[in-house]
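Written below as structure tokens is the structure these notes are about.
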Amino acid sequence: AALARGSLGALRRKIARDSSILVPEWSKPEIARFLIPVLLAGIWDKENINDREALAHLAGQEYSKLQESLIQWSYKPDPPVRLVDRTWMMAAREDSWLLLARYITDDDLERFEAAILEVLGELDPQVELSVSERLSASIRGISLRHSGYLRVGLAESLALMATFSDQYSLSTMKGQAWADRIVRRLIDRITDWHLWASMSPILPLLAEAAPEIFLEIVGYDLSKPSPNLVNLFRDAKYDFGQTSPHTYLLWALEVLAWSPEYLHQSSLLLAKLAHLDLGGNLTNRPINSLREIFLIWHPCTAVNLEDRMRILDAIRHKEPQVAWDLFVKLLPSTHDVAHSTAKPEYRNWVPDDEFSITDGELSKASSEIVRRLLEDVGTDGMRWGTLIELLDQLTKTEFDAIIDHLHAMDLKALSQPNRLQIWEALRVLLSRHLQFSSADWALPQPAIELLQECYNRFEPEDPILKKGWLFS
């Protein structure tokens with residue numbers, strides 16, 4: 001449907017048994033060359049003078065001459081370009097790329113690289129403004145010189161160039177090599193967080209275009225004592241209609257997590273960000289991105305369960321507290337909700353068919369997570385409290401495993417505060433299920449008896465501590 005909205009001709013070529021008989025006139029060599037600048041720009045605002053100058057530079061001719069040709073071709077059958085309101089755009093980006101990319105030359109790519117560095121490398125004067133100040137910034141002339149259309153269009157061209165790299169050699173190098181080179185040169189210009197924030201809306205496309213370069217540079221920044229990327233979290237103070245540039249960084253890493261090749265590294269970087277995240281008003285947090293990626297009943301990656309668990313163990317080794325918090329979030333719970341993560345625009349990393357998770361796989365994944373939680377819980381009363389809260393959501397096997405660990409604990413090795421936290425968590429759980437014993441969700445009597453035994457075992461000897469909850 002989306003392809004049909006862009007170009008009916010592109011749709012016909014997509015579904016045709018032999019697309020060669022539907023090759024459009026504009027893809028012939030004698031005509032295609034004039035469309036190369038448009039192909040590389042993708043979309044722009046014809047009312048923006050800086051956009052027009054960028055297109056003139058890409059085309060190597062005056063913008064007025066380029067626009068004359070575009071107007072003519074926009075009225076032909078199966079047009080390659082469309083004018084919608086004030087924006088010029090390629091009618092169907094992927095279709096056009098497949099038909100025209102073979103005609104791109106080194107000179108075109110050099111001009112394209114220069115345009116990328118100029119347009120996408122510009123500092124956004126709004127990055128340090130509050131939400132209320134940003135609302136009137138454009139009226140006051142405080143904005144990027146080039147339109148958001150052109151910025152996205154150029155970034156999409158990088159992603160297309162890399163995606164179809166194996167189908168064409170763009171002059172002397174493959175498309176992926178060109179994308180890697182341009183993205184590296186662009187991000188190497190970053191000296192502080194301001195340029196990261198300025199480029200934030202296109203970070204998912206840059207990551208898709210040059211995954212290895214993007215992961216390398218993000219990883220290098222996060223390895224510093226004071227990473228620039230931490231400053232992208234701009235949501236500590238609440239503002240109505242608030243946004244924060246860190247969300248785009250999370251989406252970029254979510255995009256890469258769909259790929260079996262990049263899940264490991266992108267997950268470790270999200271775990272590092274989760275460790276550094278001081279929290280904020282938005283729900284877009286690194287730990288939540290990890291939760292959606294690894295959620296056992298709705299994973300947002302093409303990687304199988306065994307490899308996902310291996311990567312979770314790597315997070316457990318690098319960021320133990322983040323791994324603990326993540327494991328707790330991954331366990332199934334009543335009324336749980338899943339949200340899909342950001343997906344690539346052009347790469348075919350996302351499976352065509354939705355995952356079908358069997359009951360056996362779900363049970364195995366849940367058991368593996370509980371086993372790791374029990375290995376890591378130690379004598380920490382707060383962690384034990386979290387595990388005990390989950391008991392009525394787990395299978396009988398997992399319930400019994402936690403109860404067995406509680407019975408096996410050496411009470412003499414427990415500090416009084418830790419013992420008290422465990423006892424209090426058992427008291428709260430028991431009270432709820434005894435009060436509503438006839439409810440469908442209530443634990444069966446044998447489970448209640450096991451909880452009662454644990455409750456009695458951890459009960460404090462001090463009568464003041466024993467009755468203190470009555471007065472809290």
Side-chain angles (χ1 to χ4, degrees), residues 116-117 120-121 123-124 127 151 155 158-159 162 176-177 179-235 243-278 280 282 284-294 300-301 303 311-312 314-315 317-319 322-323 326 341-345 347 349:
I116 289 275
L117 298 179
L120 304 188
L123 281 172
D124 185 350
V127 293
R151 291 171 65 82
L158 279 172
Q176 185 63 68
D180 288 346
R181 167 180 148 169
I182 294 171
V183 170
R184 182 179 289 282
R185 286 196 63 194
L186 177 63
I187 301 183
D188 276 349
R189 291 186 165 198
I190 296 175
T191 56
D192 60 25
W193 71 271
H194 296 85
L195 190 50
W196 275 115
S198 300
M199 292 194 297
S200 60
I202 57 167
L203 289 181
L205 285 167
L206 296 182
E208 185 176 345
E212 294 177 8
I213 302 301
F214 186 83
L215 290 169
E216 174 194 328
I217 294 174
V218 170
Y220 175 72
D221 183 79
L222 292 180
S223 69
K224 297 176 182 177
S226 299
N228 286 318
L229 289 168
V230 173
N231 293 293
L232 296 186
F233 292 83
R234 314 295 294 175
D235 61 330
T243 60
S244 176
H246 81 270
T247 58
Y248 297 99
L249 175 61
L250 301 184
W251 292 340
L253 293 171
E254 288 174 7
V255 164
L256 297 181
W258 282 101
S259 166
E261 188 174 356
Y262 304 119
L263 174 63
H264 185 276
Q265 197 171 351
S266 60
S267 299
L268 289 179
L269 293 177
L270 282 167
K272 180 68 173 178
L273 284 167
H275 173 79
L276 297 170
D277 182 16
L278 298 177
L282 298 178
N284 300 91
R285 314 250 54 99
I287 190 69
N288 290 337
S289 292
L290 284 168
R291 186 250 183 195
E292 299 298 344
I293 291 168
F294 288 98
C300 288
T301 178
V303 177
I311 293 169
L312 286 171
I315 295 174
H317 174 72
K318 292 281 188 180
E319 302 289 348
V322 172
L326 177 58
T341 58
K343 295 179 181 179
E345 290 290 331
R347 303 271 193 174
W349 293 332

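Keep in mind it's a predicted model, so treat the numbers as computed, not measured.
- One finds the CD atom of E319 at 11.5 Å from the CG atom of L270 (value rounded to the nearest 0.5 Å).
- Between W258 and E254, the shortest heavy-atom distance links the atoms CD1-O, 3.3 Å.
- Judged by distance alone, the side chains of D180 and Q176 do bring a donor and an acceptor atom under 3.5 Å apart.
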Check the pair L229 / L276 against side-chain contact (heavy atoms from CB on, under 4.5 Å), numbers first and verdict last. CA-CA 10 Å; L229 289 168; L276 297 170; over 6 Å; no

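- Side-chain contact between V230 and L278 is absent, with no heavy-atom pair separated by less than 4.5 Å.
- Using a 4.5 Å cut-off on side-chain heavy atoms (C-beta onward), L215 and L256 make contact.
- The number of heavy-atom neighbours closer than 6.0 Å to NE2 of H194, taken from other residues, nucleotides and ligands shown, is above 12.
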Between T301 and F294, is a side-chain contact (heavy atoms from CB on, under 4.5 Å) present by the stated rule, with each step listed? CA-CA 8 Å; T301 178; F294 288 98; 5.7 Å; no

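- T191 and N228 make their closest contact through O-ND2, 3.8 Å (heavy atoms, listed as atom of the first residue, atom of the second, distance).
- To the nearest 0.5 Å, atom CD of residue Q265 and atom CD of residue E212 are 8.5 Å apart.
- For the residue pair V255 and W349, the shortest heavy atom distance occurs at O-CE3, 3.6 Å.
- Between D277 and P286, the shortest heavy-atom distance links the atoms OD2-CD, 3.4 Å.
- Between F214 and A252, the closest heavy-atom pair is CZ-CB, 3.7 Å.
- Residues L232 and Y248 form no side-chain contact, since every pair of their non-hydrogen atoms from C-beta on lies 4.5 Å or further apart.
- Note that the CG atom of L250 and the OG atom of S244 stand 8.5 Å from one another [nearest 0.5 Å].
- A donor-acceptor pair under 3.5 Å links the side-chain atoms of S198 to the main chain of D124, judged by distance alone.
- Taking CG of L273 as the start and CG of L268 as the end, the distance is 11.5 Å to the nearest 0.5 Å.
- The distance from the CG atom of L186 to the CD1 atom of I213 is 12.0 Å, given to the nearest 0.5 Å.
- In this structure the side chain of I187 reaches within 4.5 angstrom of the side chain of W196, judged on heavy atoms.
- To the nearest 0.5 Å, atoms CZ (R189) and CG (L195) are separated by 8.5 Å.
- Using a 4.5 Å heavy-atom cutoff, the side chains of W193 and D221 are not in contact.
- Using modelled atom types, no side-chain atom of R234 and backbone atom of P245 make a donor-acceptor pair closer than 3.5 Å.
- Contact record, A197 with S200: O-OG, 2.7 Å, taken as the closest heavy-atom pair.
- Inter-residue side-chain proximity for K318 and H275 is flagged as unmet; no heavy-atom pair is nearer than 4.5 Å.
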Assess the residue pair I315 and L290 against the criterion (side-chain contact (heavy atoms from CB on, under 4.5 Å)); give the C-alpha distance rounded to whole Å, side-chain angles, the decisive distance to 0.1 Å, and a yes or no. CA-CA 10 Å; I315 295 174; L290 284 168; 4.2 Å; yes

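- At least one donor-acceptor pair under 3.5 Å links the side chain of E208 to the backbone N or O of R347.
- Taking the six-membered ring where the residue is Trp, F233 and H246 present parallel rings, their angle staying beneath 30° rather than reaching 60°.
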Verdict with reasoning, D188 to I217, per side-chain contact (heavy atoms from CB on, under 4.5 Å): CA-CA 8 Å; D188 276 349; I217 294 174; 4.2 Å; yes

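- No side-chain donor from either of E292 and T341 sits under 3.5 Å from a side-chain acceptor of the other.
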